[in-house]
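Please read the structure below before turning to the comments.
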Amino acid sequence: MLRALLLLLCLYLPGELLGRRLARKGDGLVEVLLLRACAALAVGLQVLVLLALAGRFSPAFVGGVLGACVLLMLPLARRTAGARPGRWDVAALALVAGAFLLYALPAEYVINSRDPGVYTLFAARLARTGELLHHDPLVGAVSGFHEFLEGRKYPGFFILGENLIVPQFFPGPFALLGFGALLGGVWGALYVVPVLGALSVGVAYALGRELFGPRAGLLGAALLAASYTQIWWSRHPSSEVMAQFFVLGGLWLAVRFVRRPEPLPGLLAGLLLGGAMLVRVDGFLAAAALLALFAWDVATRRPLRPWVFPAAPLALCGAAALLYLNTAGARYLYILYTEHGLREALRAAPLALAGTGLLAGGLLWVRRRWSRGLEAWGAACGGRVAVGLALSVVAASLWAYLIMPEPWGSLPENLRGFDAYQSQVVVRMVWFVTPPVAVLALAGLLLAARRPERGLAVFAGAVLAFGVLYVAVPNVAPDLPWATRRFVPAVFPGVCLFAGYAASEVAGFSARRGGRQAGAAAGALLAVLALGWTAHVSAPILTFRELDGALGALERVEREIPEGARVVYMEMPSGHDWTASTFEYLYGHPVLPYDRVRFILEADELEEAGLLRDAVYVTTDGSPAPLVSGLRFVEVERERVALPRLVPVEGHESRMRNRVEFLRKDYRIFQIEEER
């Protein structure tokens with residue numbers, strides 16, 4: 001407990017020192033606290049990622065390096081007056097606390113059947129051994145005769161060279177979850193995302209208040225906190241909500257920076273948005289509007305020196321992400337290339353480079369000829385241009401919702417691929433955010449476009465960058481919670497905040513026309529409608545914990561595996577994994593995944609390699625051990641596991657429902673002995 005408190009203190013102190021310099025006049029208690037949290041994680045993520053990749057992820061190194069960061073930042077510290085909580089602060093703090101209570105049923109995702117299992121298991125091993133990338137001696141021992149399908153030991157666990165095991169995804173989530181595991185074991189890792197989900201709700205409020213005022217920010221954050229996808233993904237150890245925190249925090253500080261350029265907000269905005277690039281491969285989209293604003297400043301001869309502060313950390317994090325993709329993440333890069341549209345994007349690279357060159361030349365030409373009149377033109381016509389762009393977005397959204405989708409009856413039945421129902425992606429988005437919130441968001445976008453400014457451009461640019469890409473190139477699973485997860489980092493928070501702004505504007509308009517009572521009634525009606533519908537959609541999962549009991553169940557199985565087993569052979573279908581990686585990464589057993597036929601065919605090679613002495617064979621479906629000449633399999637234990645999961649939903653689903661299936665495994669554990 002003392003070690004955990006010291007590590008938390010080391011993580012927090014850089015944020016405390018930097019947060020004192022970030023606070024501005026008018027900030028409430030919530031903003032003051034969230035500035036410290038954002039600054040702490042902006043610094044902490046970089047440290048944790050570096051230590052994880054260096055193989056030095058231990059309490060001593062983590063605490064020591066973070067402590068060194070504190071010493072380096074001491075000269076920046078200054079005394080500030082404490083902020084007193086006002087009514088908006090009390091409401092926002094209550095909202096963050098309520099959000100955490102909603103999210104505090106984390107899915108016990110310690111099985112590698114999907115991405116969250118990859119994150120949890122790598123994080124568990126990282127905390128136990130201090131290494132993210134590691135050499136697997138068993139893989140090296142069988143590499144001469146055993147072919148691993150698609151160069152991976154398990155799905156998401158890729159093999160580089162002869163035996164180097166690397167994770168499929170970027171290192172940021174593993175570092176954050178691994179830090180949680182240092183604090184509190186597996187449960188500490190599982191609670192990292194619920195904490196970041198609740199903090200994301202608070203940052204959404206702060207961002208909404210910065211852009212639209214406290215009333216709109218509070219309603220938007222409440223809509224986000226209660227939404228189906230926010231609840232679902234804030235319980236799962238995956239990258240979506242972790243990226244959401246860094247995106248929203250980076251946008252909040254970027255809005256402050258573009259309105260009043262100062263070094264520290266710019267630097268931390270770059271660190272947070274750069275941190276999003278280390279968490280998710282698409283994190284660079286959050287900074288899309290900053291590049292556009294920089295181009296505008298170039299064309300209008302505005303001072304460019306302040307842009308150094310956000311640009312430097314953004315460039316460093318972007319370069320680090322590219323370096324990782326082309327080295328340890330090479331297998332992940334190949335997946336992006338073959339399955340996620342990167343091949344097509346690279347084909348357009350020459351055109352993109354030519355277009356970039358023409359744009360740069362055009363900017364310099366405009367800067368020379370029209371820079372003096374361009375800013376005046378922007379002030380005079382910017383509102384009309386922004387409204388025109390907003391109308392285009394609204395029209396495209398309505399077309400994608402009403403016209404683009406194929407009729408549900410024409411879709412093939414039992415389609416469970418990850419590209420299923422691509423044309424219904426916007427329809428599914430509306431299911432999750434609910435129709436009133438979606439309509440209010442479109443109205444809020446139009447209302448905000450009437451008064452364009454630099455901060456709003458930063459926010460809207462990030463929302464549209466994520467939204468346009470993943471509507472144009474969706475990767476849609478039939479399971480409802482998984483269908484639109486790529487919209488979680490920026491699109492869903494943006495939609496909720498625009499909806500809150502629209503409701504606030506309607507209330508203000510009604511108050512001006514009919515008095516304060518009419519305004520209060522109109523605002524309350526819209527808020528109740530939006531929040532009520534959101535809560536109705538989210539109700540089925542409020543008390544549901546996916547894979548409830550997995551930790552205890554798998555620990556019971558682990559206790560039955562004989563001590564001293566040098567190798568555990570666990571049956572699994574070729575190329576798939578349910579729990580083999582769990583026993584290796586969570587409990588430290590040396591595991592080799594095998595299917596029955598390959599084990600029989602390779603038994604002689606395994607014996608020659610000395611891998612059948614002190615070995616255990618585990619079947620996962622209650623079946624007996626294989627028949628291998630010269631070997632005897634003695635059953636020593638048996639254990640059954642049943643874990644609840646939501647049933648994948650196929651076809652049109654007008655209402656969210658909570659249909660549960662059970663992952664059932666019947667483990668039979670056999671000691672391998674030579675026949676005498």
Whether F432 and Y228 hold their rings parallel, tilted or perpendicular, with breakpoints at 30° and 60°: tilted
Under 3.5 Å donor-acceptor, E240 side chain and P489 backbone: no
For the student: nearest non-hydrogen atoms of N112 and S581, plus distance: CB-OG, 2.9 Å
Show me the donor-acceptor pairs, under 3.5 Å and distance only, between side chains in residues 46-63 and residues at least two apart or in other chains.
unit_1	atom_1	unit_2	atom_2	d
Q46	NE2	A42	O	3.4
S58	OG	F61	N	3.3

Lys/Arg N to Asp/Glu carboxylate O, E674 vs R613, below 4.0 Å: no
Test salt bridge (Lys or Arg N to Asp or Glu O under 4.0 Å) applied to E637 - qualifying residues, sequence neighbours left out: none
For F633, all residues meeting ring pair (Phe, Tyr, Trp, His ring centres under 6.0 Å), sequence neighbours excluded: Y617
Exercise: do T484 and R428 side chains pair donor with acceptor under 3.5 Å: no
K665: partners by side-chain hydrogen bond (donor to acceptor under 3.5 Å, both in side chains), with sequence neighbours left out: none
Salt bridge (charged side-chain N to carboxylate O under 4.0 Å, His left out) between E560 and R556, intermediate numbers included: CA-CA 7 Å; E560 305 301 339; R556 289 196 305 273; over 6 Å; no
Sequence-distant partners of R640, salt bridge (Lys or Arg N to Asp or Glu O under 4.0 Å), two or more places apart: D666
Residues forming a side-chain hydrogen bond (donor to acceptor under 3.5 Å, both in side chains) with S113, sequence neighbours excluded: R645
Residue list, ring pair (Phe, Tyr, Trp, His ring centres under 6.0 Å) with F157, at least two apart or on another chain: F122, Y154, Y585
S227 side chain vs L224 backbone, donor-acceptor pair below 3.5 Å: yes
Side-chain heavy atoms of L586 within contact of V186, under 4.5 Å: yes
Shortest non-hydrogen separation from A550 to E108 and the atoms involved: N-OE1, 3.1 Å
Geometric class of the F148/H146 ring pair [parallel <30°, tilted 30-60°, perpendicular >60°]: perpendicular
Pairs meeting criterion salt bridge (charged side-chain N to carboxylate O under 4.0 Å, His left out) with involvement of residues 121-138, two or more places apart: R125-E131, D136-K153
Distance-minimising heavy-atom pair for F174 and F169: CE1-O, 3.7 Å
Plane angle bin for Y569 and F599 - parallel if under 30°, tilted between 30 and 60°, otherwise perpendicular: perpendicular
More than 12 heavy atoms from other groups under 6.0 Å of CG on L101: yes
Counterpart residues, ring pair (Phe, Tyr, Trp, His ring centres under 6.0 Å), relative to F245 (two or more places apart): none
Option from F487, W482, F492, Y109 for which ring pair (Phe, Tyr, Trp, His ring centres under 6.0 Å) with W233 holds: W482
Heavy-atom closest contact (A225 atom, I231 atom, distance): O-CG1, 3.7 Å
Side-chain (E639) to main-chain (Y667) donor-acceptor, under 3.5 angstrom: no
Atom of L138, atom of L611 and distance for their closest heavy-atom approach: CD2-CD2, 4.0 Å
Any donor-acceptor N/O pair, T619 side chain to A625 backbone, under 3.5 Å: no
Ion pair E546/R235, N-O distance below 4.0 Å: no
Sidechain-backbone polar pair: Q671 side chain, V634 backbone, donor-acceptor under 3.5 Å: no
Contacts of type ring pair (Phe, Tyr, Trp, His ring centres under 6.0 Å), residue F158, not counting sequence neighbours: none
Pairs meeting criterion salt bridge (charged side-chain N to carboxylate O under 4.0 Å, His left out) with involvement of residues 618-631, two or more places apart: none
Salt bridge (Lys or Arg N to Asp or Glu O under 4.0 Å) partners of R331, counting only residues at least two apart: none
Pair E162, H135: side-chain N/O donor-acceptor within cut-off below 3.5 Å: no
